[in-house]
Amino acid sequence: MRLSAYFLPLLRENPSEAQIVSHRLMLRAGMIRQSSAGIYSWLPLGLRVLKKVEQIVREEQDASGALEVLMPTIQPAELWQESGRYDDYGKEMLRITDRHERAMLYGPTNEEQITDIFRQSVKSYRDLPRNLYHIQWKFRDEVRPRFGVMRGREFLMKDAYSFDLDAAGAKRSYNRMFVAYLRTFARMGLKAIPMRADTGPIGGDLSHEFIILAETGESQVFCDKAWLDADILASEIDYAGDLEPFVERWTRLYAATDEKHDAKACPVAEDRLVTARGIEVGHIFYFGTKYSKPMGAVVAGPKGEPIAVEMGSYGIGVSRLVGAVIEASHDDAGIIWPESVAPFTLGLVNLRAADARCVAAADALYARLGAAGIETLYDDRDESPGAKFAAMDLIGLPYQLVIGPRGLDKGLVELKERKTGRKEELSPEAALNRLGGK
RNA sequence: CGGGGCGUAGCUCAGCCUGGUAGAGCGCCAGCUUUGGGAGCUGGAUGCCGGAGGUUCGAAUCCUCUCGCCCCGACCA
């Protein structure tokens with residue numbers, strides 16, 4: 001993509017309404033614009049990141065055996081009256097009336113909807129287990145939306161729902177999601193730590209919050225030092241096999257939010273205890289028959305007996321993750337994207353848009369990068385070098401390839417790694433080879 | 001929902017106390033000169049001063065109401 005033809009409205013100064021770093025950087029880097037409190041538009045650069053995050057979530061859900069569906073944002077009130085949550089949910093739920101005066105609502109979550117779909121079609125234990133998920137916009141009319149995309153009222157969420165015949169099966173489903181979650185966050189370069197959690201209004205009795213460590217996180221967390229070296233992706237996962245040992249391994253390591261942490265009772269020695277800030281990016285629940293019973297999600301068992309299915313639900317804040325990644329990875333100059341979610345892999349910078357020789361060299365490289373399948377944002381604008389460097393650092397692409405007259409005299413270009421700031425002069429050939437390996 | 005703050009140019013903000021008809025820096029447009037870490041000069045455009053009502057000869061400024069946004073707290077993917 002040529003920057004001269006892109007829509008990337010950068011801000012040089014910090015908008016006054018943005019207090020936390022991810023919000024500031026997302027606005028400054030032209031990723032989002034606010035529409036009203038807690039509601040945002042996603043601009044091209046931000047949308048690319050959102051899509052990448054979404055895709056990683058999708059791939060790991062699919063790998064775990066979950067099946068993607070897409071449920072509507074607007075739901076009928078009757079479903080929620082059936083489960084008993086229509087009155088319980090309170091003002092967080094945006095209630096709408098259609099032209100026929102029918103009570104509708106903008107879904108804050110989809111347990112009722114999915115249970116309805118399930119009960120209409122699944123009648124036999126032989127069709128279990130199943131896990132259905134979708135990635136859809138939610139609306140929760142938060143009293144106090146804040147922190148940009150991290151606590152919006154409208155947000156993109158992946159929510160999965162598992163259906164099993166019995167508690168043991170439900171625990172296996174829970175384990176699959178537990179593993180998929182650890183892998184999902186690890187792939188985004190995040191250290192996500194599962195912590196025992198209260199179940200809140202969703203209900204149930206087995207639940208973990210996944211909290212990533214970030215200096216700017218909202219909550220105080222405590223964990224065993226071993227978490228810092230945890231390499232989730234090193235383990236081979238067989239979703240068809242027994243995941244309990246893996247889950248056991250990662251739930252045994254101490255981790256607690258400040259609400260649950262008791263310094264006196266803490267089993268971790270002081271020198272092994274890490275105190276850090278955290279952001280919740282996922283939450284999984286096992287809640288048994290809380291919805292299946294009142295809503296009649298019942299299947300015939302092996303002997304023909306009616307069995308209310310055991311359910312769990314599993315959420316990931318997809319849009320929140322975009323902010324969370326920034327909270328976890330930035331410096332004074334701007335964002336530092338992990339490659340897996342970066343909007344582009346490479347920023348190609350032509351320092352002299354007025355110099356025919358530089359333009360020719362940059363154009364040629366741009367064509368070859370495209371042919372090599374490397375996602376490149378090509379800064380072909382006629383701007384001063386300083387402005388270009390600052391813009392590239394701000395938007396945080398993992399690599400920058402700089403072409404200028406000084407280097408070209410020697411037949412060299414400069415490759416800079418955003419994360420480390422390390423720069424290296426090398427031939428265009430060598431640069432292509434280096435990037436091709438990415 | 002309780003407490004606090006702020007709405008003036010695209011962004012950051014001054015002006016408000018003490019009323020006299022709107023400013024700066026950056027950005028934007030044009031031209032020239034520049035060019036390896038947010039360049040310089042010259043010229044130019046941009047505002048229902050959040051909205052409504054009131055006081056006044058006169059309101060960005062004073063008063064009343066209202067809307068919006070932000071922060072702290074209680075709650076949340």
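Here is how names work: the chains are called A, B, and so on, in the same order as the sequence lines, proteins then strands, and each is numbered from 1.
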Closest nucleotide among rU35(B), rC71(B), rG36(B) to the Ala354(A) side chain: rU35(B)
Gap separating the CG atom of Leu273(A) from the SG atom of Cys223(A), nearest 0.5 angstrom: 7.5 Å
Nearest whole angstrom, please: distance from the P of rA74(B) to the CZ of Arg151(A). 12 Å
Paired with rC17(B): which nucleotide, if any, by Watson-Crick or G-U wobble criteria at under 3.5 Å for both distances? none
Provide the Watson-Crick or G-U wobble partner of rA39(B), both distances under 3.5 Å; none if there is no partner. rU33(B)
Pairwise P distance, rC67(B) and rG10(B) [rounded to whole Å]: 25 Å
In whole Å, I'd like the distance from the CG atom of Asp409(A) to the P atom of rU35(B). 14 Å
Please list, one pair per line, the donor and acceptor atoms closer than 3.5 Å that link side chains of residues 62-81 of chain A to other protein atoms, with sequence neighbours excluded.
unit_1   : atom_1 : unit_2    : atom_2 : d
Asp62(A) : OD1    : Tyr133(A) : OH     : 2.6
Ser64(A) : OG     : Gln61(A)  : O      : 2.7
Glu68(A) : OE1    : Arg58(A)  : NE     : 2.7
Glu68(A) : OE1    : Tyr133(A) : OH     : 3.4
Glu68(A) : OE2    : Arg58(A)  : NE     : 3.3
Glu68(A) : OE2    : Arg58(A)  : NH2    : 3.1
Gln75(A) : OE1    : Trp80(A)  : NE1    : 2.7
Gln75(A) : NE2    : Thr109(A) : O      : 3.1

Does rA22(B) have a Watson-Crick or wobble partner in any strand here, with both distances under 3.5 angstrom, and which is it? none
For the side chain of Lys416(A) and the base of rG36(B), is some donor closer than 3.5 Å to an acceptor across the two? no
Which nucleotide, rC1(B), rA77(B), rC76(B), lies nearest any side-chain atom of His283(A)? rA77(B)
In whole angstrom, what separates Leu394(A)'s CG from rC26(B)'s P? 20 Å
Please figure out whether Gly317(A) or Gln19(A) has its closest RNA chain B nucleotide nearer the 5' end. Gln19(A)
With respect to the side chain of Arg146(A), which nucleotide from rC76(B), rA77(B), rC75(B) is positioned closest? rC75(B)
Quick one: pull up OH in Tyr161(A) and CD1 in Ile114(A) and give me the separation to the nearest 0.5 Å. 7.0 Å
Contacts of His330(A) that satisfy side-chain hydrogen bond (donor to acceptor under 3.5 Å, both in side chains) - sequence neighbours left out: none
Spacing of Ile395(A) atom CD1 relative to rG38(B) atom P, expressed in whole Å: 18 Å
Comparing nearest nucleotides in RNA chain B, the 5'-proximal residue of the pair Ser384(A), Glu154(A) is Ser384(A)
Nearest listed nucleotide, side chain of Glu142(A), among rA77(B), rG36(B), rA74(B): rA77(B)
rA39(B) C1' sits how many Å from Phe389(A) CZ, rounded? 14 Å
Holding to salt bridge (Lys or Arg N to Asp or Glu O under 4.0 Å), I want the full list of residues that pass it with Glu215(A), two or more places apart in sequence or in another chain. none
Partner nucleotide of rA45(B) by Watson-Crick or wobble geometry (both distances under 3.5 Å): none
Let me know the distance between CG of Asp379(A) and C1' of rG37(B), rounded to the nearest Å. 13 Å
Which nucleotide, in any strand shown, forms a Watson-Crick or G-U wobble pair with rC1(B), with both distances under 3.5 Å? rG73(B)
Round to the nearest Å and state the distance from Asp159(A) atom CG to rC76(B) atom C1'. 15 Å
Residues in salt bridge (Lys or Arg N to Asp or Glu O under 4.0 Å) with Arg95(A), at least two apart? none
Mark this stacking check for Phe155(A) against rA77(B) as yes or no, applying ring centres under 5.5 Å and ring planes under 30°. yes
Nearest-angstrom distance, P atom, rC16(B) to rC70(B): 28 Å
Show me the protein contacts with nucleotides 10-12 of chain B, counting only N or O atoms at under 3.5 Å.
unit_1  : atom_1 : unit_2   : atom_2 : d
rC11(B) : O2     : Glu13(A) : OE1    : 3.2
rU12(B) : OP1    : Ser16(A) : N      : 2.5
rU12(B) : OP1    : Ser16(A) : OG     : 3.3
rU12(B) : O4'    : Glu13(A) : OE2    : 3.4

Is Arg151(A) paired with Glu218(A) through a side-chain N to carboxylate O contact shorter than 4.0 Å? yes
In residues 27-48 of chain A, which residues come under 4.0 Å of RNA chain B by heavy atom? Arg28(A), Gln34(A), Ser36(A), Ala37(A)
Hits for salt bridge (Lys or Arg N to Asp or Glu O under 4.0 Å) against Asp355(A), two or more places apart or cross-chain, chain-then-number order -> none
Rounding to the closest angstrom, what is the interatomic distance between rU66(B) and rG3(B) at atom P? 15 Å
Residues 35-47 of chain A side chain polar contacts: donor-acceptor under 3.5 Å, at least two apart:
unit_1   : atom_1 : unit_2   : atom_2 : d
Tyr40(A) : OH     : His23(A) : NE2    : 3.4
Tyr40(A) : OH     : Gln34(A) : NE2    : 3.0

Arg144(A) has its side chain closest, among rG36(B), rC76(B), rC72(B), to rC72(B)
Tell me whether Arg172(A) is salt-bridged to Glu244(A), with the criterion being a basic N under 4.0 Å from an acidic carboxylate O. no
Determine, for nucleotides 41-49 of chain B in 5'-to-3' order, which nucleotides have protein heavy atoms under 4.0 Å from the base (write B), from only the sugar-phosphate (write S), or from neither (write -). ---------
Starting at NE2 of His23(A) and ending at P of rC70(B), how long is that distance when rounded to a whole Å? 7 Å
Are side-chain heavy atoms of Met26(A) and Val149(A) found at a separation under 4.5 Å? yes
Please state the C1' separation for the pair rG7(B) and rC13(B) - nearest whole angstrom. 13 Å
If you measure from the P atom in rG31(B) to the same atom in rG15(B), how many Å do you get, rounded? 37 Å
Heavy atoms under 4.0 Å, any strand shown: does Val318(A) hit a base, just sugar-phosphate, or nothing? nothing
Partner set under side-chain hydrogen bond (donor to acceptor under 3.5 Å, both in side chains) for Thr257(A), not counting sequence neighbours: none
Think Lys138(A) has a side-chain N or O under 4.0 angstrom from the OP1 or OP2 of rA77(B)? no
Partner residues of Arg368(A) under the side-chain hydrogen bond (donor to acceptor under 3.5 Å, both in side chains) criterion, sequence neighbours left out: Glu429(A)
Rounding to an integer number of angstrom, what distance separates rG38(B) and rC28(B) when you compare their P atoms? 16 Å
Under 3.5 Å for both donor-acceptor distances, Watson-Crick or wobble: does rG7(B) have a partner, and if so which one? rC67(B)
Throw together a table of side-chain donor-acceptor distances under 3.5 angstrom for residues 317-326 of chain A, partners on residues two or more places apart or in other chains.
unit_1    : atom_1 : unit_2    : atom_2 : d
Ser319(A) : OG     : Leu156(A) : N      : 2.8
Arg320(A) : NE     : Met150(A) : O      : 2.8
Arg320(A) : NH1    : Glu280(A) : O      : 2.6
Arg320(A) : NH2    : Met150(A) : O      : 3.1

